[in-house]
Every structure is written in structure tokens, then in C-alpha cells.
Amino acid sequence: MAGQLGTVVIGGGTGFIGTALSHSLKRRGYDVLIVSRKPGVYRMTWSDLNQKGLPNSTTAVVSLAGQNVLDPTRRWTEGFKQNVWASRINTTKYLAEAIKVSNIKPKVFVTASGVGFYPPNQDEVYDEDGPGGDFDFLSHLCYDWENAANLPSHLDVRTVKIRIGVVLGRQGGMIKQLIFPFYMGFGGPVGSGDQPMPWIHVEDIVGIFIHAIESENVTGIVNGVAPQIITNKEFATAFGKALWRPSVVPLPTFAINMLFSEERGKIMTEGQKVIPKKALRTGYSFKYPNITCAAKEFSKIIYADELNM
Ligand SMILES: NC(=O)c1ccc[n+]([C@@H]2O[C@H](COP(=O)([O-])OP(=O)(O)OC[C@H]3O[C@@H](n4cnc5c(N)ncnc54)[C@H](OP(=O)(O)O)[C@@H]3O)[C@@H](O)[C@H]2O)c1
């Protein structure tokens, strides 16, 4: 039997953000059903979704699936780019289609996108009305990803699209990759380190997804970033300080470009200044508004797998 708050169906809910979001939703009293490529308990596969549809108890649908763009073991080939594209656009379309054909409509559809929508720029500050979506592979990807979530207005399902910055948390993503070199004193900025780094603590991105699920005044695009704009160098300094280590060994741009190719290396070598105007305007309160307090939390060497949210 479904919990009193209903069921949240999360495509890609087994990942870094999805796992943290699932724990948090369950603690609040929701049932969580994950759509995954692999079957399991409290999961359905994408073909189950296609055949059986959404459970009638579904109150919210969340789209978080996506092939890891920065997987260093995968070369940036046309085939891999196609995987990156299809794993986001097709899964979001499958969820949208499931909503369209469901007998009882969920209240809200919340989907992931990225700040890569906005053009890298050292001067401009982008709120949700900023331009973008039209200049390189990643920006086109974000544009198509957001459009894949469009639903006909007569369905009366609120839709929220969250442009996520670099998510910082001990359990996954960039910090999990970087904590060992930083702890050994080999950490430092990428390239000059002057490029902006739109970031958010994992507990706050989870908080913004829940804010989007629960607050009826949240609709459309929402920037999923912390209020403090920082550079890559400021991130490296805060991370090093929290670990009591120096953070002066730069990672040269050419090394990033060699490992990842220039097109996707841009995620690290360039950046945008992005502000969470709508999250703040609609009443979201950040737990980690600045990088110093966030770094203290995500630099714990020993950590529990579940987050305290
Ligand atoms: N983490 C960040 O810093 C960040 C920043 C901006 C945007 N985002 C976006 O937010 C979403 C969630 O991020 P995350 O860090 O939680 O990602 P993640 O840990 O890599 O997990 C995403 C999930 O997507 C599913 N997936 C992976 N490859 C897939 C494929 N080829 N086809 C279908 N499903 C696939 C996997 O679920 P199964 O194995 O269970 O199928 C995986 O657990 C992603 O779309 C990501 O692009 C993340």
C-alpha cells in the first residue's frame, strides 16, 4: 500500500543525486519507485514502465537518468555522444509518455538539465532568463533534454526543469574522484583556475528537487546552483583548507583536453556565473550557501552512506 504522501517515480534514481533524493523522500514519508536499466526491489525497468505505466499512487515523476559525461574510460566518440544524448532525452520522453497515458495524473514532473545550457562567460551572470541552448553539443543537449519534458498544458501537470551545476558531495560525482589526490596534497585548480564554477552541495540539490515537488509556486526553469559564485581556484582552495592540505598543484588545460577531449573538457576548463534566482524567490533556503561551509561537510574522510537530510 502506498504511503500517505504517495509515490515518487524516479528515472535514474540509482545514481549519485537519485540515491540521496530517494533517502530523503522516504524519510519524509513518500514511497519511492526507481526506473532503472536493472530490475530490483522497489524498481521497475524502462520496459516495465512502457508496459505497465505509472502506479496510480504516483504523485511526482522525476527524471535523473543519464550516461556519465565525464567518464574518463570512455572516449568522446560520436557513438558515446549518442549514448550521452539518448540516455537523457529518451528516458525523459519515456517518463513524459507514461504521464500522458496514465489514468491518474501525477501533480508534478521534475526533470534534470545542466548549467551547460548557458554560454561560458567570465562577466555575465545568468538567472533563469539567461540565453543559451544553441552553441555547442552540451548546450544543444540541455535544450533538447528540457524540451523532452514538455507536456500538453491540458494535462495540468506542473513541470519543473532544474539546470544543475557541479554537484559536490562525499558520496559521488567530482568530490569522490578528487578527494584522494587532494588528501595526498596533489590537488589544485584546473588551468588558470579563473573560470567560474557553478556548484551546489548534494543536500541542496536534493532540497531543490523536493522544493520543486512540494511547492506549487515552482514552475518552469530553476537554476540548481548555490548562491555564492566562485571560481575553480576558490573551490580548490576551500577543498584543500577543509582537508588541511595545500591545493596549489594545477591541472593543466592541455591534460584535461587530452584525457577528455576539448569539447567535454570545457565542463572543467570553462564555466558560467549562474544564480539561483527562482529557488530563492520561491522560498528555498540553502543549507550550504557558501563553499567554505560546504567543503567542511564534503571533506569528511570517514562518512556514513546515508545523508542526514
Ligand atoms: N552530478 C552532477 O554534478 C550533475 C551536474 C549537472 C547535471 N547532472 C545530471 O543529473 C542527472 C543525475 O546526475 P547523477 O550525478 O546522479 O548521475 P549518475 O550518478 O551518473 O546516475 C545517473 C543514473 O542514470 C542511469 N544511466 C546511466 N547511464 C545510462 C544509460 N546509458 N541509459 C539509461 N540510463 C542510464 C543510471 O541508472 P541505472 O544504472 O539504474 O539504469 C544512473 O544511476 C544526470 O542526468 C546528470 O547529467 C548531474
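Because only heavy atoms are used, hydrogens play no part in the values below, and waters and symmetry mates are left out as well, while side chains stay in. Order of appearance sets the numbers: ligands from 1, and atoms from 1 within every ligand. Predicted model, so just to flag it, every value in this text is computed and none were measured.
Within the 6.0 Å centre-distance limit, the rings of W76 and F137 are counted as a close aromatic pair. Taking the centre of each ring, F298 and Y288 stay at or above the 6.0 Å mark.
Nearest protein neighbour of atom 11 (C) of ligand 1, counting heavy atoms only, is L64 O, 3.2 Å. Nearest non-hydrogen protein atom to atom 15 (O) of ligand 1 is F16 CB, 3.7 Å. Of all protein heavy atoms, the one lying nearest to atom 9 (C) of ligand 1 is W145 CH2, 3.9 Å. Protein heavy atom nearest atom 48 (C) of ligand 1, with residue, atom name and distance: I17 CD1, 4.0 Å. In this structure, the protein non-hydrogen atom closest to atom 42 (C) of ligand 1 is T14 OG1, 3.8 Å. In terms of protein heavy-atom proximity, atom 33 (C) of ligand 1 is closest to R37 CD, 3.7 Å. Closest to atom 8 (N) of ligand 1 among all protein heavy atoms lies I164 CD1, 4.1 Å. In this structure, atom 21 (O) of ligand 1 lies nearest to the protein heavy atom G15 CA, 3.3 Å.
Under a 3.5 Å cut-off, the side chain of N223 and the backbone N or O of I275 do form a donor-acceptor pair. Of the possible polar contacts, one joining the Y118 side chain to the D127 backbone as a donor-acceptor pair under 3.5 Å is found.
Cation-pi check for R158 over F109 is not met; the charged atom does not lie both under 6.0 angstrom from the ring centroid and within 45 degrees of its normal.
Using a 4.0 Å cutoff on heavy atoms, W199 does not count as a contact of ligand 1. Using a non-hydrogen distance threshold of 4.0 Å, G224 does not register as a contact of ligand 1.
Considering both main-chain and side-chain atoms, N68 never comes within under 3.5 Å of ligand 1 through any nitrogen or oxygen pair. In terms of polar-atom proximity, defined here as any N/O pair under 3.5 Å, V167 does make such a contact with ligand 1. Ligand 1 has no N or O atom lying under 3.5 Å from any N or O atom of V166, backbone or side chain.
Heavy atoms from other residues, nucleotides or ligands lying under 6.0 Å from CD of E262 number 12 at most. With a 6.0 Å radius and a threshold of 12 heavy atoms from other residues, nucleotides or ligands, K296 has its NZ atom at or below the threshold.
With no hydrogens or angles considered, no side-chain donor-acceptor pair links T7 and T58 at under 3.5 Å. Of the N and O atoms on the side chains of N150 and N147, at least one donor lies less than 3.5 Å from an acceptor on the other residue.
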S299 and L243: side-chain contact (heavy atoms from CB on, under 4.5 Å), yes or no, with the steps? CA-CA 6 Å; S299 299; L243 287 165; 3.9 Å; yes
Does the ring-ring contact (aromatic ring centres under 6.0 Å, His included) test come out yes or no for F239 and F235, once each step is laid out? CA-CA 6 Å; F239 194 17; F235 157 73; 5.7 Å; yes
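Each of the atoms 38 (P), 40 (O), 41 (O) of ligand 1 lies under 4.0 Å from some heavy atom of S36. Heavy-atom proximity to G12, at under 4.0 Å, picks out these atoms of ligand 1: 23 (C). Within ligand 1, the atoms closer than 4.0 Å to a non-hydrogen atom of A65 are 24 (O), 34 (N), 45 (O), numbered from 1 in the order shown.
Closest heavy-atom approach to atom 31 (N) of ligand 1 among the candidates Q67, M174, K38: Q67.
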